[in-house]
Amino acid sequence: MAERYDLVIVGGGPAGQAAALALEGNGLAIGVIDEQLRPGGQILRQPPREFSVASWMTGKVYAPLLKQLRQFEAATGIDWLGGRSVLGLAPDAGHGFALTVSGRDGVETIRASRVLLATGCQDLAVPLPGWTLPGVYTAGGIQAFVKSQQIVPGNRIVMAGTHPLQLLIAAQIVASGGTVAAVLFAQKRRTMMRQLAGHALKAAREASALLPAGAAMALLQRHRVPVRYGESPVAILGKDRVESLRSTEREIACDAIGLCYGFVPQSALPRMAGADMIAGSRAGGWSTECDAWFRTSVAGLYAAGETTGVAGAAAARTAGTIAGTGIAIDFGLVSEEEATSRVSHARSERARHLEFADLLDTIADPSGHFPRIEAETIVCRCEDVPSATITPLLDGRSANAVKLASRCGMGLCQGRNCEPTLLRLLAGSGRTDEDNGFTARFPARPVMLGDLAAPK
Amino acid sequence: MQNADVLIVGGGLVGCATAWHLARGGAQVVLVEAGDIGMGASGQNAGSLHFQLERRFLENGEALAEQAAQTAALNRLAIDDWRRLETELGADLHVVMDGGLMVAETAEQVAILERKVARENAQGINTRLLDGDEARTLAPCLSPGILAAGFLADEGHADARSVTRAFAQAAAASGASLHSRSPVTSASRIERHFEIGFRESTVRAERLVLACGAWTPILCAKLNLHMPLYPVALQMNATERTGPRIGHLIQHVGRRLSMKQTDAGNILIGGGWPARLASDPRGAFDPAGKPVLIPASLAGNLRAAIDTAPFVETLNLIRTWTGVTAISADQLPIVGEVPSMPGCWVAGGGSAFTLGPTFARLMAQAMVGTPTPELDIVSPARFEHLNSFMG
Ligand SMILES: Cc1cc2nc3c(=O)[nH]c(=O)nc-3n(C[C@H](O)[C@H](O)[C@H](O)COP(=O)(O)OP(=O)(O)OC[C@H]3O[C@@H](n4cnc5c(N)ncnc54)[C@H](O)[C@@H]3O)c2cc1C
Ligand SMILES: Cc1cc2nc3c(=O)[nH]c(=O)nc-3n(C[C@H](O)[C@H](O)[C@H](O)COP(=O)(O)OP(=O)(O)OC[C@H]3O[C@@H](n4cnc5c(N)ncnc54)[C@H](O)[C@@H]3O)c2cc1C
């Protein structure tokens, strides 16, 4: 590892890899930092080497991503800095950035002239009565088990939400030998079909992207997994852990639940750096605002992939290519014209992916389908703040003011999980002032004091 | 146009507490706050109630230390004010006044501590000098490296998140009218009145209180006044929650450090470590901008904490935040009526979490003509020379 890089890329998913590959061979010192030990990102989350997993990520849609991953792993001149979390980044004495990074050997400072944030997205956390019981996961939480260790975290799992991805995850569970008791979509099937039909052209062109959902449906049918529409979770019941889910229609016995209402961009680092943000997808959250080359509003700071908006792995990959090429322009390695022609294919591919992403976003739109929150329902689980504490504070004050008054968002996760809920509550209470949500604070992940302290 | 007896600019601790005292006394009070109540320094501070001489007064020469010691009368009043506050406001503010320790690690620091204790005792502040073992008996979390500590039984801490809101609620209950999200955009003196504009309103008031913390000079400029208050940005740190380990306020005589444990169990670590102030497009310091964290401040602060109470080393840091407060040209607070502009009061600078409730009470008293000699040492009169060319 070098102490100073020309470029540090945070995130080794499809976007980060593509950007690194677009710059490979230019003589730049590039470091790619990721919390995961191995590259892949969310979609190609690789099992640790010690686990040998037979059927890791087969399937047609993954092929281009896997190919890129192999290229990335074979690339020379790119330092892979896995197993490290970026806790914060700050302007570095007038030149570039200093990243505070924690890893197995403690905390180190890594300097870079330019930084690309390709930190992906995360599940939208959705509170409902009983959601803090052990056995309740986000869809991504379940998928992480299944993908990286081939462990199914329950014997009878219910998937519930609005995002079609839950079909895929249900299929992955079944394929790994688990049992799915039901997949519940809050929206009506009719509505989903109408939305699909309305976008028929786009959908047809992107049939390959929908293929896995079709295959997933077939697999679920074969295993007689009920997939129901217009059915929402109302409460999760159980004494010490999940015992059943009560929906708008029935009670379903289960010992694990995956909630799948969509995804929000990871926004801690760009917000900490002071980059301008815009409202994220229909699910909520914040996307980093970028120009056509994925430059953020902060000089020398770039963002690509789902940090700039959730649009799927293929779109993230094209964004990485464009961002990497844009960075080459800014390093003076290529003219803007040359760069423009280099990425023309990536741009047209990207436009197609974005159309599909928009369709998916429309179909998966959780607004109007969020479960009802009761007075005692926990909104902020780090600090155990129930909605009853927050409701009286919804008098027009800002999210930061509610945080200060209630502790909502003051815990270990820095509000990553409860912020979208709180912003929905604020909007629902008629607050009209523009609200930028919580002020992002260092560190992006908790870190031991001893690791940060100055040497004795 | 609305009329008021007193218009207060700034809904921090000082503004809200002043509104409460005045409204209780029957005055018609309007308070105007640019953002939400208590979101400035009053909601960002460490919550220390410190009555021992502050380290910053001890490292800048004898003259300053002597002058600061003369604020002891204010400290004595503040101790009483804080002891009454929860009862008076009828609110749980997590006020803990179980004592504070100011520790020393070197022989040189012990000597400073000794002089400091003597100075305080002469002013009627009953600090006691403890040796290292006595200090550790009282506070077992302290490191074996601590050689001595000044102990003052009245020190402690309170929950900065709730104090200002409690003052605001009490003020509103006493009839004060509070306007949040209403930045004051104009202020002028017209004959014997002040006219203050915010949102779509203008209020005409007999008296004006500028309690806008680091923004005070900006408001003063609207009235053609100089006020030597300067914004400073500070860093604070919170650990994850842990079981009860620190009962006291812990400070350090030779290093920047304050430590305490909140009611919820987090340990708050600060002590005046700087962050970098934001600047506006013209390059001037901008108290409203988010300050930039200084990694060396963070590292130094945490090292001082670990050296003082080693158990914190393995706790997780969950948040470092920055806040902006005001210091004056001579480090002492500026509180009182501006001699060249009768009716205009300012209150800013200094440790106005600890002293804010007292400043507010004394200002309210002074406005109805009750003598308040304790405020003399902090009066803006000492900076009147700056306004002698202001017309
Ligand atoms: C649970 C889940 C399932 C998904 N399933 C699909 C799917 O089936 N199909 C699809 O098209 N899309 C899916 N997505 C979206 C998917 O994340 C993206 O399509 C794709 O992986 C985005 O690529 P990316 O490069 O932008 O980010 P990612 O692939 O998410 O990569 C970001 C990387 O940044 C790292 N990182 C983040 N923050 C830090 C930090 N502070 N320090 C160090 N490293 C950091 C992460 O460890 C991660 O490896 C899913 C997302 C989630 C959350
Ligand atoms: C990190 C930190 C730690 C600290 N620790 C301690 C401590 O432990 N103990 C202690 O005693 N002190 C401490 N202090 C200092 C203490 O917080 C302040 O002295 C005190 O809060 C000042 O209160 P205030 O009401 O004067 O100012 P503030 O709380 O800053 O309030 C001023 C208000 O004026 C408003 N305002 C500004 N411009 C306008 C306008 N144009 N119109 C309307 N309103 C306006 C602002 O929005 C703000 O709310 C600390 C300060 C910081 C930043």
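In what follows, every chain begins at residue 1, and chains take the letters A, B, ... in the order their sequences are listed. In what follows, every heavy atom counts, from backbone to side chain, and hydrogens, waters and symmetry copies are set aside.
- For chain B, the option among A/A90, A/C413, A/G88, A/P455 with the highest count of heavy-atom pairs below 4.5 Å is A/P455.
- B/N237 and B/T320 form a side-chain donor-acceptor contact under 3.5 Å, judged by distance and modelled atom types alone.
- Put simply, of B/I306, B/L298, B/I37, B/L315, the one with the most heavy-atom pairs under 4.5 Å next to chain A is B/L315.
- The minimum heavy-atom distance linking A/P127 with A/I378 is given by the pair CB-O, 3.6 Å.
- There is no side-chain donor-acceptor pair under 3.5 Å between B/H94 and B/E86.
- The contact between B/T322 and chain A is made by backbone and side chain atoms together, counting heavy-atom distances below 4.5 Å.
- Heavy atoms closer than 4.5 Å to chain A are found in the side chain of B/I269, but not in its backbone.
- Considering only heavy-atom pairs separated by less than 4.5 Å from chain B, the leading option among A/V107, A/N400, A/L404 is A/L404.
- There is no contact between A/T109 and chain B, counting heavy-atom distances below 4.5 Å.
- Looking at B/R181, only its side chain comes within 4.5 Å of chain A, counting heavy atoms on both sides.
- With a 4.5 Å cut-off on non-hydrogen atoms, B/L317 touches chain A through its backbone and its side chain both.
- Contact of the B/V103 side chain with the B/Q251 side chain is not registered, since no non-hydrogen atoms from C-beta on lie closer than 4.5 Å.
- Between A/A98 and A/R111, the shortest heavy-atom distance links the atoms CB-NH1, 3.8 Å.
- With a 4.5 angstrom heavy-atom cutoff, A/S398 touches chain B via backbone and side-chain atoms both.
- Neither the backbone nor the side chain of B/S162 comes within contact range of chain A; no heavy atom of the residue lies under 4.5 Å from a heavy atom of that chain.
- Remark: B/R245 is positioned above the aromatic ring of B/F311, its terminal NZ or CZ atom under 6.0 angstrom from the ring centre and at most 45 degrees off the axis.
- Counting heavy-atom pairs under 4.5 Å between each of A/D451, A/L87, A/L412 and chain B puts A/L412 at the top.
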Given B/D307 and A/K456, is the salt bridge (charged side-chain N to carboxylate O under 4.0 Å, His left out) satisfied, shown in steps?
-> CA-CA 8 Å; B/D307 288 350; A/K456 220 174 154 65; 3.0 Å; yes

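- For B/R241, the part sitting under 4.5 Å from any heavy atom of chain A is the side chain, from C-beta outward, and nothing else.
- Within the 4.5 angstrom heavy-atom criterion, only side-chain atoms of B/V292, from C-beta onward, approach chain A.
- Between the side chains of B/R161 and B/N45, no donor N or O sits under 3.5 Å from an acceptor N or O.
- Side chains of A/D123 and A/Y137: no donor on one and acceptor on the other come within 3.5 Å.
- With a threshold of 4.5 angstrom between heavy atoms, A/S406 approaches chain B through N, CA, C or O but not through any side-chain atom.
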